[in-house]
J.: 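Quick one: this structure, given as structure tokens, is what I'll be asking you about.
What you are looking at is a predicted structure, and each value in this text was computed from that prediction instead of being measured. Quick note: numbers below take in every heavy atom, side chains included, and nothing from hydrogens, waters or symmetry partners. Each chain gets a letter, A, B and so on, in the order the sequences are listed, and its residues count up from 1.
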Amino acid sequence: MVSTPNIKEKYALPEGVDLMRDVAIIGVKNTKYGELWNRSLRQLVVEAGIGAIEDAGVSGKDIDALYVGNMSGGRFIEQEHIGALIADYSGLSKNLHVPATRVEAACASGGLALRQGIMNVASGYGDIVVAAGAEKMTDICSSEASSALAAAADREWEGMAGATFPGLYAMIATLHMHKYGTTSEQLAEVAVKNHRNGAHNPIAQYKNQITVEQVLNSVMVADPLHIFDCSPITDGASALVLVPAEEAHKYTDTPIYIRATAQASDTIALHDRRDITTLDATVVAGKRAYEMAKMGPEDIDLVEVHDCFTIAELCAIEDLGFAEKGKGGIVTAEGETAIGGRIPVNTSGGLKACGHPVGATGIKQAVEIVTQLRGEAGGRQVDGAECGMTHNVGGSGATAAVHILSRDR
Amino acid sequence: MSVPRFWRSLGSRYNLEGTHCTECGEYYYPPRDTCVNCRRLGKIESYKFKGTGEIITYTIIHTAAEGFEEQTPYALAIIKLDEGPSLTAQIVGNPKEVYIGMRVKPVFRKLGEDGERGMIYYGTKFVPAEA
Amino acid sequence: MTIGIVSYGAYVPRYRIKVEEIARLWGDDAEILKKGLMVHEKSVPDLDEDTATIAVEAARSALARGEFDPARIGAIYTGSESHPYAVKPTSTIVAQALGATPDLTAADFEFACKAGTAAVQACMGLVSSGMIELGLAIGADVSQGAPSDALEYTAAAGGVALVIGRKESELCALIEDTYSFTTDTPDFWRREGRPYPEHGGRFTGEPGYFKHVTNAAKGLLKKLGTTPEDYDYAVFHQPNGKFPTKVAKTLGFRKEQIAPGLVVTKIGNSYSGSCLMGLAATLDQAKPGDRIFVTAFGSGAGSDAFSIKVTDRIEKIRAKAPKVSELLKNPVYLDYGQYAKHKGKIRLA
């Protein structure tokens, strides 16, 4: 099956584990992603939620539960209790009293909200569940936003030492370059490709194409990562509607089925990892997802990976088995991850070009895969896409969530 | 960083005090109360690290974290201490002279401060061992 | 009663600025200044160094050289005119960083450039009375000179720690006696909350430095019945190179006696560390049996004089920590912009 680094078998999915009942996505919606100065968090989530419900052809009164991924309402807008806020402003509280739960796992909050929604439906507890994700990041200045994001790492033993988030990924990049010969040009190719894809995504924050030279000549943030190696600060929300697979055709002709949901944890601090250049949480979550779906990387037609920094995309495609360890840069530079290549990666533009409203990203990745599998991705459509994967990471790799979505049940 | 939160960890920040599991032999810095290998069966005792180690990887920070703005550019590294565990710390001196595999030793420096009126936080950074 | 130095440790930051570079900015004549001050360059703290970090490094060096259990330290007194906090002791930071807590007393001293030697005297009192076994006295500063002021050419950073004890077998030098001369003379001061000190210009010379140093030195020589010829070395507070050279000559000490301790040329005036730095540099090369005459000066004003005799133990412990000359190797020179950044003269917010 998948060739992944040396992870002991006991970390794999327990044998025979499966969802109690299969789950499908019947509606999706992204808001515009970007610096949305005139939009508030609640406006963004309501737009995404109502859009997804409309797309699904269901009604608010049908909804059994709401999960919302949000990393840091407390830091970004001084607002906690996000679940109740969203339920209220979506019209799901008054009269309906729909249970609403905020899910937090730093930048993997969205991926985990999706997973919670899936498990709710799979368990039989709910029949129509909304999984959403949202972040409003531009109400505070960028240095405060960076500080809030750095809280995804170990505040006491990384943050107090002067670590920034780009700094942690830069240390991954430095060692990746040292061990495998990865180059700054190869890192830049990730950004160039994702901007090329983002140009075809109507919601993307950046639709401009960039060159390798532009990336290399952009301001250095944390050596060797330039500003164009980093995902931006973004406002945005995404939502989708989950139902039992057997019910899905009642709502849509093209339900997209959840073939696997997997999650794994690793050390909060980068310095405690087994191998700085491998995200073991990604490896394990990926392995669990492949086992659950009874698939391997060769069965995946496209993947949305967590490219918070260009190096993160290289690690992700290696750790998920789409490239040999250390060859992520070469594979990318040779165009294998471009649309039309062997395994298109981040057709949405990824976090880099589409934008990265942290809590929303995990949901947006699933929305992109659904859009692709429905054949509705327009200029960025992957021809004949049948099966796609999402990969959402929290922090520098302490949490990873991997989902496999397919047109086939 | 709040004062009590920093104060609780003074020993670790000033003197690299960590922990050691006598059951499996694993050393922990930053300190852990629970051995990740033995969990409830571990026997944890405090241990003061020698402070010498080697740079595993590093970066040069140009856009600083809040409170570190006046120090840019500064080198940040993951250092593997000789006893085994790794930590994240700044490398003092010319950041361009830092390299993977460099031997380092600890020095006592200011880590940061809460503005002009707040507390000053001291702790351990590292310098090249040959310097 | 036997009392003396168990160990000593010095610390000088790695960065320097040359007199030429400061003179370039203000349009001064560097050659005249260098000749007049007898200072060629001065030490500058790193961005993350202050009096506390310098005191800790000096004290750790003394601990490494003396190889004693830090829990034996019964008192820590840190003398400085640039303590990082106006209220909150530097000495507790040192105590914690050395592992000397909690069985000890600690306090900070301030007496312009002689707070370090005042701390030495306080430790001598506690040790000889039997109240404590070992006392740690530190003189450390990151001194400030206002931009374009004459002091800017010399105000430097550095620190020295002395461990005072009474167990004869562990002393590397005996302190034979000490004598102080103190008056109220406002030759130099810094008001609470002000970043830079004020000074009386030439008033700091005769009524300040020379009067106090001369009287303290003469007082100790008289007390002991010794003459300058009885000493192998002499160290005087060195705000620049000229003052100690001149006062040594007045008192009848030869140039050779003060030469090993005259470190101001390459470091500048490290204030509370200044005189002790000269002593440390002298101990770095003194032989067993050598006698060292030391006189510190602090504006405000007062002088502390000491008569010190080196023991056999110096040879055993000397190499266990860096000598002052080793601390001065491989300096990194800063331009004025970098210097201003290091000294916090550039306000970011």
Side-chain angles (χ1 to χ4, degrees), chain B residues 3 6-17 46-51 61 63-76 89-97 105-131, chain C residues 9 11 13-15 45-61 63-64 70 83-90 92-102 140 142 159 161 193 195 322 326-327 329-334 338 340-349:
Chain B
V3 170
F6 189 85
W7 169 81
R8 271 197 296 280
S9 60
L10 274 189
S12 297
R13 302 211 185 265
Y14 285 12
N15 292 323
L16 294 178
E17 287 166 12
S46 58
Y47 175 81
K48 188 174 181 297
F49 285 85
K50 286 180 296 187
I61 305 271
T63 304
E66 271 184 318
F68 294 84
E69 293 90 345
E70 64 188 38
Q71 297 183 28
T72 57
Y74 60 87
L76 185 80
Q90 283 187 45
I91 307 299
V92 164
N94 185 352
K96 288 188 178 138
E97 291 169 4
K105 63 182 182 186
V107 287
F108 191 80
R109 296 290 176 117
K110 250 167 83 169
L111 298 179
E113 59 187 21
D114 285 336
E116 287 186 354
R117 293 169 55 184
M119 187 179 159
I120 304 168
Y121 302 109
Y122 295 97
T124 304
K125 296 185 184 181
F126 289 80
V127 289
E130 65 271 22
Chain C
Y11 181 79
R14 197 179 166 200
Y15 297 93
D46 203 344
L47 294 162
D48 53 5
E49 288 184 307
D50 63 14
T51 293
T53 66
I54 288 171
V56 167
E57 290 293 344
R60 281 182 174 172
S61 178
L63 191 61
H83 289 290
Y85 291 94
V87 178
K88 199 233 155 279
T90 303
T92 54
I93 299 168
V94 175
Q96 191 82 40
L98 283 191
T101 52
V142 284
E326 285 160 0
L327 295 171
K329 277 182 194 161
N330 306 318
V332 175
Y333 290 99
L334 304 178
Q338 294 167 312
K341 183 180 172 190
H342 276 237
K343 291 294 291 172
K345 292 177 196 288
I346 301 174
R347 289 184 67 94
L348 296 183

J.: Please rank B:Tyr14, B:Tyr74, B:Phe108 by heavy-atom pairs under 4.5 Å with chain C and give me the top one.
T.: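 Answer, by heavy-atom pair count under 4.5 Å with chain C: B:Phe108.
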
J.: Can you tell me if B:Glu69 uses its side chain to pair, donor with acceptor, with the backbone of B:Gly67 under 3.5 Å?
T.: yes

J.: Looking at B:Arg109 and C:Glu49, is any side-chain nitrogen of the basic one under 4.0 Å from a carboxylate oxygen of the acidic one?
T.: yes

J.: Counting only heavy atoms closer than 4.5 Å, note whether C:Ile93 contacts chain B via side chain, backbone, both or neither.
T.: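 C:Ile93 touches chain B through backbone and side-chain heavy atoms alike.
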
J.: Do B:Glu113 and B:Tyr122 meet the criterion of a side-chain donor-acceptor pair at a distance under 3.5 Å?
T.: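 Their side chains do not contain a donor-acceptor pair, so the 3.5 Å distance test is not met.
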
J.: Quick one: do B:Glu116 and C:Arg347 make a salt bridge, cutoff under 4.0 Å?
T.: yes

J.: Sort B:Lys48 into side chain, backbone, both or neither according to what part of it lies under 4.5 angstrom from a heavy atom of chain C.
T.: neither

J.: With a 4.5 angstrom heavy-atom cut-off, which part of C:Gln96 approaches chain B: side chain, backbone, both or neither?
T.: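 Both backbone and side chain.
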
J.: Of all of C:Leu98, C:Thr101, C:Leu47, C:Ile54, which one pairs up most often with chain B through heavy atoms under 4.5 Å apart?
T.: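 With the most close heavy-atom pairs to chain B, the winner is C:Leu47.
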
J.: Could you tell me the separation between the NZ atom of B:Lys110 and the CD atom of B:Gln71, rounded to the nearest 0.5 Å?
T.: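 If we round to the nearest 0.5 Å, B:Lys110:NZ and B:Gln71:CD are 8.5 Å apart.
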
J.: So which residue, C:Ile346, C:Asn330, C:Val56, ends up with the most heavy-atom pairs under 4.5 Å with chain B?
T.: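 Ranked by contacts with chain B, first place is C:Val56.
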
